[in-house]
Amino acid sequence: MSEKLNKEIDWSSLGFGYIKTDYNVRCSFKNGEWSDLRACKDENISLHMSATVLHYGQEVFEGLKAFRGKDGRIRIFRMDENAKRLQQSCEGILMQTLPVEKFEEAIKKVVKLNEHFVPPYESGASLYIRPLMIGTSALVGVQPSKEYEFIVFVTPVGAYFKGGFKPSPYVIMREYDRSAPLGTGKYKVGGNYAASMVAGKKAYDMGYSALFYLDAKEKKYIDECGAANFFGIKNNTYVTPKSTSILPSITNKSLMTLAEDFGLKVERRQIPVEELATFEEAGACGTAAVVSPIERIDDFDTKKTYIFAKNGEAGEWCKKLNDKLRAIQYGDEEDKYGWVTIVE
């Protein structure tokens with residue numbers, strides 16, 4: 001693997017935004033089959049004005065990362081899990097599924113074509129990979145598309161939150177729901193994120209990182225932290241919510257495995273909101289930020305505050321889990337789990 005880098009980028013000042021790279025990779029589903037992969041320099045998509053993605057929301061996407069190690073090699077983290085989750089999302093809104101092998105081939109191809117955009121090891125940054133699929137058939141009635149376009153683009157990114165690995169505050173406001181229990185919350189579809197923008201902006205304008213959602217049905221149980229999964233630590237136990245409206249986070253799945261290997265008990269269950277008072281540490285987790293420690297959660301309606309970082313610093317377990325996962329991603333520690341794919 002070549003260690004050449006793009007010399008025009010200031011790697012140390014990268015935020016979490018879009019930077020143009022050289023290629024994206026695409027394939028099309030037409031006449032009942034997927035085409036071969038093709039590399040494309042064009043950043044634009046040509047669509048019929050009646051495409052199902054524009055009217056009926058037939059769109060799914062994923063997010064994963066590639067990392068440059070100290071040895072110069074590039075590692076992609078758990079892309080097989082992203083491939084399977086994309087398939088589940090497609091099935092949830094009646095889209096054509098993409099074979100896992102085709103997904104993995106596309107990811108490796110787009111990373112290889114843009115390898116000089118993978119940030120250097122010492123920068124702490126990474127290459128964000130965004131696969132997406134859209135329905136492209138020109139239809140007017142509400143029905144699934146017969147044709148689809150799968151696209152993968154990449155962009156180098158820094159930390160998701162400006163403060164880096166620092167605890168941040170969240171707020172509970174019961175006037176907003178992320179998704180219904182039997183809706184599309186467990187699928188990674190664009191509509192879920194559109195539905196969260198009003199609440200997210202309100203929380204952000206009030207000085208919070210994101211809105212902390214409770215279950216939509218009863219408003220009794222913890223759901224998600226903005227677009228991330230929640231976990232809490234107490235009594236040597238890693239506790240995370242179980243809900244039909246939560247997106248199954250690949251990062252959370254990985255953290256649960258690490259927690260067990262560290263000797264923690266792992267519980268995935270309903271968590272009553274009052275139980276927040278019993279946690280010693282808490283965090284949000286996902287691809288973008290890995291672990292984002294929670295400073296406190298303010299309940300806007302009850303005026304209660306749940307504090308997890310009394311000294312303003314991340315707790316021992318949040319830091320330990322974050323450091324371990326990142327060490328595997330960057331190749332600093334042995335990947336005994338088979339989570340990493342090296343791009344040759």
Heavy-atom pair with the smallest gap, counting every atom of Leu247 and Lys186: CD1-O, 3.7 Å
Separation of Arg130 CZ from Phe61 CZ (nearest 0.5 Å): 5.0 Å
Residues Glu344, Arg73: salt bridge by 4.0 Å N-O rule: yes
CD on Glu149 to OG on Ser28, rounded to 0.5 Å: 3.5 Å
Full working for salt bridge (charged side-chain N to carboxylate O under 4.0 Å, His left out) between Lys219 and Asp177: CA-CA 9 Å; Lys219 302 289 188 181; Asp177 292 325; 2.3 Å; yes
side-chain contact (heavy atoms from CB on, under 4.5 Å) against Thr184, all qualifying residues, sequence neighbours excluded: Ile93, Tyr187, Val189, Asn192
Non-hydrogen side-chain atoms of Thr251 and Thr287 separated by less than 4.5 Å: yes
Any residue meeting salt bridge (Lys or Arg N to Asp or Glu O under 4.0 Å) with Glu81, in chain and number order, not counting sequence neighbours: Arg78, Lys84, Lys253
Minimal non-hydrogen separation, Tyr128 against Glu62, with atom names: OH-O, 4.2 Å
Point-to-point distance, once rounded to the nearest 0.5 Å, from CD1 of Ile151 to SG of Cys40: 8.0 Å
Closest non-hydrogen atom pair, Ser145 against Thr136: OG-N, 3.3 Å
Test item: Ile76 and Leu64 side chains (from C-beta on) under 4.5 Å apart, heavy atoms: yes
Basic-acidic side-chain contact under 4.0 Å: Glu115, Lys112: yes
Which atom of Gly226 lies closest to which atom of Ala210, heavy atoms considered: CA-CB, 3.9 Å
Gap separating the SG atom of Cys90 from the CZ atom of Arg85, nearest 0.5 angstrom: 12.5 Å
Modelled atom types, side-chain donor and acceptor of Thr240 and Asn229, under 3.5 Å: no
Other residues, nucleotides, ligands: >12 heavy atoms within 6.0 Å of Asn311 CG: yes
Salt-bridge contact Lys166-Glu313 (side-chain N to carboxylate O under 4.0 Å): yes
Phe117 and Leu127, any side-chain heavy atoms less than 4.5 Å apart: yes
Phe231 CZ to Cys285 SG distance, which is reported to the nearest 0.5 Å: 6.0 Å
Close side-chain approach of Ile297 and Phe308, heavy atoms under 4.5 Å: yes
Pairing of Glu275 and Arg269 as salt bridge, 4.0 angstrom limit: yes
Check ion pair Lys336-Asp261 (N to O, under 4.0 angstrom): yes
Under 3.5 Å side-chain donor-acceptor pair for Ser245 and Asp215: no
Note: Asp299-Arg174 ion pair, threshold 4.0 Å (strictly below): yes
Polar side chain donor-acceptor pair, Tyr208 to Lys202, under 3.5 angstrom: no
Cluster check Ile107, Val25: I/L/V/M/F/W/Y, side chain < 4.5 angstrom: yes
Which atom of Ser249 lies closest to which atom of Asn252, heavy atoms considered: OG-N, 2.9 Å
Residue Lys20 excluded, over 12 heavy atoms near NZ under 6.0 Å: yes
Euclidean distance, Lys146 NZ relative to Ser137 OG, rounded to 0.5 Å: 6.5 Å
Flag side-chain contact, heavy atom, 4.5 Å: Phe230 against Phe212: yes
Residues, nucleotides or ligands: over 12 heavy atoms within 6.0 Å of Asp42 CG: yes
